[in-house]
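Notes follow once the structure below has been shown.
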Amino acid sequence: MDTIVNMKNRQLADMWYNELKVGIRVIYIYMVDDICMGEVSLVFAHNDPVCVIPGMRAYMQRLIVKSEYRGNGIGKKLTDHLCKEAFRMGLAEVSVSVDKDNSAALHIYRSMGFDNVLFDGEDQYGPCYKLMKKLSDS
């Protein structure tokens, strides 16, 4: 099977695998004809209390679409699916962190309802916004 990310970082791969095993991470994959075109994770426990409130808010992480498939709405489909699943699980909100200089991602997230700014500052990766979307059954 084709993959999105080259998982040479064994420590990171092991961490995500363990999070999957204990149920604090779910990964949604967009595939066509056994080709993995995109993926996104929903994380239920995180070391940042702005991103996750157990039982209320989960964190959308690692939205990735392979470069050759970008511009086809795959990221939006993955995000929509993730939000519907989070709502089905009883969550009220989903958060996402985005680099301040990533104007394309900021535009997309805001157009999809991630319009509540939870954090405007800098984290360990640099200047970022942490945005939140309230979920509904639509």
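Predicted model, so just to flag it, every value in this text is computed and none were measured.
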Review point. Quick one: do Ile53 and Leu131 end up in the same hydrophobic cluster if we chain Ile, Leu, Val, Met, Phe, Trp and Tyr together by side-chain heavy atoms under 4.5 Å apart?
Key: no
For residues 98-108, the salt bridge (Lys or Arg N to Asp or Glu O under 4.0 Å) pairs (sequence neighbours left out) are Lys100-Asp120
(Q) Between Tyr28 and Tyr69, is there shared hydrophobic-cluster membership here, with clusters defined by ILVMFWY side-chain heavy atoms closer than 4.5 Å? (A) yes
Notebook entry, point to check: Just by distance, do the side chain of Asn18 and the backbone of Asp14 share a donor-acceptor pair under 3.5 Å?
Noted result: yes
In this structure, SG of Cys36 is separated from CD1 of Ile29 (nearest 0.5 Å) by 5.0 Å
Tightest non-hydrogen contact, residues Phe44 and Gly23, listed as CD1-O, 3.6 Å
d(Leu91 CG, Arg88 CZ) to nearest 0.5 Å is 10.5 Å
Closest non-hydrogen atoms of Ser111 and Ile108, given as atom of the first, atom of the second and distance, are OG-O, 2.8 Å
What one should report as the nearest heavy-atom pair of Lys133 and Cys83 is CD-SG, 4.0 Å
Item to complete: Please lay out, stage by stage, how Tyr30 and Lys77 fare under the test side-chain contact (heavy atoms from CB on, under 4.5 Å).
Response: CA-CA 8 Å; Tyr30 188 93; Lys77 289 176 185 175; 3.6 Å; yes
In short, side-chain hydrogen bond (donor to acceptor under 3.5 Å, both in side chains) pairs touching residues 47-61 with sequence neighbours left out are Arg25-Gln61, Asp48-Lys130, Arg57-Glu93
**Request:** Check the hydrophobic clustering (I, L, V, M, F, W, Y; side-chain heavy atoms under 4.5 Å; chains of links allowed) and say if Val117 and Val50 are grouped together.
**Result:** no
Quiz item: Salt-bridged, Lys76 to Asp80, with N to O below 4.0 Å?
Solution: yes
Check against side-chain contact (heavy atoms from CB on, under 4.5 Å), Arg110 and Met112
CA-CA 5 Å; Arg110 287 189 171 132; Met112 295 184 68; over 6 Å; no
In this structure, SG of Cys51 is separated from CG of Leu118 (nearest 0.5 Å) by 7.5 Å
CG of Leu63 to CD1 of Ile74, rounded to nearest 0.5 Å, is 10.5 Å
CZ (Phe119) and SG (Cys128) are apart, to the nearest 0.5 Å, by 5.0 Å
Nearest heavy-atom contact between Leu82 and Val94 is CD2-CG1, 3.9 Å
State plainly whether one hydrophobic cluster holds both Phe87 and Leu78, where clusters connect Ile, Leu, Val, Met, Phe, Trp and Tyr through side-chain heavy atoms under 4.5 angstrom apart. yes
In this structure, OH of Tyr109 is separated from OG1 of Thr79 (nearest 0.5 Å) by 6.0 Å
Heavy atoms of Leu106 and Tyr129 approach each other most closely as CD2-CD1, 3.6 Å
* Asked: Do Tyr17 and Val43 belong together in a cluster built from hydrophobic side chains that touch within less than 4.5 Å?
  -> no
With distance as the sole test, does Asp33 use its side chain to make a donor-acceptor pair with the main-chain N or O of Ile35 at under 3.5 Å? no
TODO: Kindly indicate, with the supporting measurements, whether the criterion side-chain contact (heavy atoms from CB on, under 4.5 Å) is fulfilled by Ile27 and Val40.
DONE: CA-CA 6 Å; Ile27 299 174; Val40 67; over 6 Å; no
